[in-house]
Amino acid sequence: MNNTPITLKFLAEKLKMSVSTVSKALNNYPTINEYTKKRVQEMAKELHFTPNKSAINLKERKSRIIGIILPNLLDHFFTRSIYGVEQFAMANGYNVIIGQSHDDLEKEIQLANMLLKSRVDGLIVAISKNTQDFSHFDQFEGIGTPVVYYTRNPSFNLNCHKVLGDTFQGCYQATKYLIDRGHKKIAYLGGPKMNNFTHDRFNGYINALKDNNVAFNADFVAYTDFDKENTISAIQKLFGDYENTPTALVAFKEPILFDAIKYLRSINHPNVNEIECIGFGNSSFINYLDLPPIASVEENPESVGENAINLLLKLINNEIDAENYQKIMVACKLVVH
């Protein structure tokens, strides 16, 4: 059996037509009559002809590949956001290459250089917690390859395109919900303190307290770098004083919230079952917990991903000027359990 791929030239010779006519017929050009189109397409189907994507992409000067750099696919937010990106990309004829930085700046730089050499048509990035210099991403824009930052706000890079969840609004809603339930001692467990992408949540918390005449207490605020040991230290700071312990907790994301609850139960904290908690995430398994958090902040990661790829494709197709910097905000939603 001959396994040699059928080429456009072979198809043209078989049909006794020019290569140009066959190509146009396969692509439904209006200048080609219906009889010719039907004849060409039937022959292509009969011979199992498959267009050479590499040749097409070379002609278009496009790789039809989108690069994505994110911290960790074990984080449920990023898993869900990638679903939105992949679905939209594939519907528009693009494949994606995903690289995980694991919140390591050097790894992020290596991934950026690899994707640059791969000649991706565009890049979507959720920066690492240590990223302050953006030169490894600026090199993409230097050769005309657009970059869209998503979910983590690159505050040190003012001139950029970004798609963000409205975490200020989400944290404001969560804090106000707890205030409306009668809480005055509401703790806040944030992400890495020095990272700008964590500040919007804290500002939402602070503003909700202020707008509802609840006094701010610095003892009720702690931060974690996401590792369990750091989280436990933060929880000890927040809940170590049994005489003045918070009655509610708002957490940067649900995994650290679950670590906090687990630790408080392990030390038999006297108030652990009375503390009302809200975290960002709305994990699917919450419905199976005997004692779930009172509510979750749904960040709509699929929508964040879809908006990021939609913006990137508009930049690739020159529908938006590269220097007309876009900021798209996706609303969060409080989900009561």
Side-chain angles (χ1 to χ4, degrees), residues 53-73 78 81-82 84-86 88-165 192 194-200 304-330:
K53 287 289 184 183
S54 296
I56 294 170
N57 295 342
L58 187 63
K59 186 176 180 181
E60 292 181 346
R61 297 182 182 274
K62 289 183 178 180
S63 65
R64 310 297 296 186
I65 296 172
I66 301 297
I68 303 171
I69 298 175
L70 47 77
N72 198 329
L73 280 171
F78 291 112
S81 72
I82 286 301
V85 172
E86 284 188 319
F88 201 95
M90 290 182 68
N92 286 273
Y94 282 84
N95 292 314
V96 299
I97 298 176
I98 303 169
Q100 301 178 76
S101 70
H102 300 289
D103 267 326
D104 182 316
L105 178 57
E106 287 305 313
K107 179 70 172 174
E108 181 180 89
I109 293 171
Q110 290 172 13
L111 288 168
N113 290 334
M114 179 272 289
L115 291 171
L116 187 73
K117 291 174 183 175
S118 298
R119 293 290 187 264
V120 294
D121 290 339
L123 184 66
I124 295 174
V125 182
I127 58 173
S128 82
K129 64 185 181 183
N130 301 312
T131 303
Q132 295 185 20
D133 176 29
F134 292 83
S135 56
H136 52 298
F137 297 130
D138 292 342
Q139 60 184 340
F140 285 85
E141 295 180 324
I143 61 169
T145 301
V147 178
V148 171
Y149 297 90
Y150 89 127
T151 201
R152 290 185 171 184
N153 191 358
S155 300
F156 290 103
N157 189 358
L158 299 176
N159 297 325
C160 66
H161 300 278
K162 53 191 173 183
V163 177
L164 309 171
M194 300 309 294
N195 288 91
N196 282 282
F197 63 74
T198 70
H199 294 173
D200 288 342
V304 174
E306 286 172 10
N307 275 278
I309 183 65
N310 186 31
L311 174 57
L312 186 67
L313 291 180
K314 286 181 178 179
L315 288 164
I316 290 171
N317 295 323
N318 298 313
E319 295 173 33
I320 298 174
D321 186 86
E323 294 185 0
N324 180 18
Y325 297 112
Q326 304 289 305
K327 180 181 178 181
I328 298 171
M329 301 297 290
V330 175

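Counting only heavy atoms from C-beta outward, the side chains of I82 and L73 approach each other to under 4.5 Å. A 4.5 Å side-chain heavy-atom check between I127 and N153 finds every atom pair outside the cut-off. In this structure the side chain of L312 reaches within 4.5 angstrom of the side chain of P146, judged on heavy atoms. H161 has its side chain out of reach of I124: every pair of non-hydrogen atoms, C-beta onward, lies at least 4.5 Å apart. Side-chain contact check for Y150 versus L311: every heavy-atom pair is 4.5 Å or farther apart. Looking at K162 and I328, their side chains never come closer than 4.5 Å, going by heavy atoms from C-beta outward. Annotation: side chain of I66 is in contact with side chain of I309 (closest heavy-atom distance under 4.5 Å). Residues Y325 and E323 form a side-chain contact, since some pair of their non-hydrogen atoms from C-beta on lies under 4.5 Å apart.
Other residues, nucleotides and ligands contribute at most 12 non-hydrogen atoms within 6.0 Å of the CE atom of M90.
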Step by step, would you call Q326 with L315 a side-chain contact (heavy atoms from CB on, under 4.5 Å)?
CA-CA 10 Å; Q326 304 289 305; L315 288 164; 5.9 Å; no
Take L70 and I68, measure what side-chain contact (heavy atoms from CB on, under 4.5 Å) needs, and give me the verdict at the end.
CA-CA 7 Å; L70 47 77; I68 303 171; 4.1 Å; yes
Give the C-alpha distance, both sets of side-chain angles, the deciding distance and a yes or no for side-chain hydrogen bond (donor to acceptor under 3.5 Å, both in side chains) between E86 and N95.
CA-CA 8 Å; E86 284 188 319; N95 292 314; over 6 Å; no
Ring pair (Phe, Tyr, Trp, His ring centres under 6.0 Å) for F134 and Y149? Distances and angles first, verdict last.
CA-CA 11 Å; F134 292 83; Y149 297 90; 5.7 Å; yes
Using the side-chain hydrogen bond (donor to acceptor under 3.5 Å, both in side chains) rule, take S128 and N130 through it: C-alpha gap first, then chi angles, then the decisive distance, then the call.
CA-CA 5 Å; S128 82; N130 301 312; 4.8 Å; no
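A distance-only check finds a donor-acceptor pair linking the side chain of N317 to the backbone of L313 [under 3.5 Å]. With hydrogens and angles disregarded, no donor-acceptor distance shorter than 3.5 Å links the side chain of T145 to the backbone of E141. At least one donor-acceptor pair under 3.5 Å links the side chain of D121 to the backbone N or O of R64. Looking at E306, its side chain never comes within 3.5 Å of a backbone N or O of F88 through a donor-acceptor pair.
The stretch residues 97-116 participates, sequence neighbours left out, in these salt bridge (Lys or Arg N to Asp or Glu O under 4.0 Å) pairs: D103-R152.
Atom CG of residue L115 and atom NE2 of residue H136 lie 11.0 Å apart, to the nearest 0.5 angstrom. One distance of note links CD1 of I97 with CD1 of I69; it measures 10.5 Å at 0.5 Å rounding.
Nearest heavy atoms, A126 versus T151: CB-CG2, 3.8 Å. Minimum heavy-atom separation, I320 to N324: CG2-O, 4.0 Å. Minimum interatomic distance between F137 and L123 (heavy atoms only, all atoms of both residues): CD2-CD2, 3.7 Å.
Residues passing the side chain to side chain contact (heavy atoms under 4.5 Å, CB included) test with M329, sequence neighbours excluded: L164, D166, K327.
Under the side-chain contact (heavy atoms from CB on, under 4.5 Å) rule, K314 has a single partner from N310, N318, I316, which is N310.
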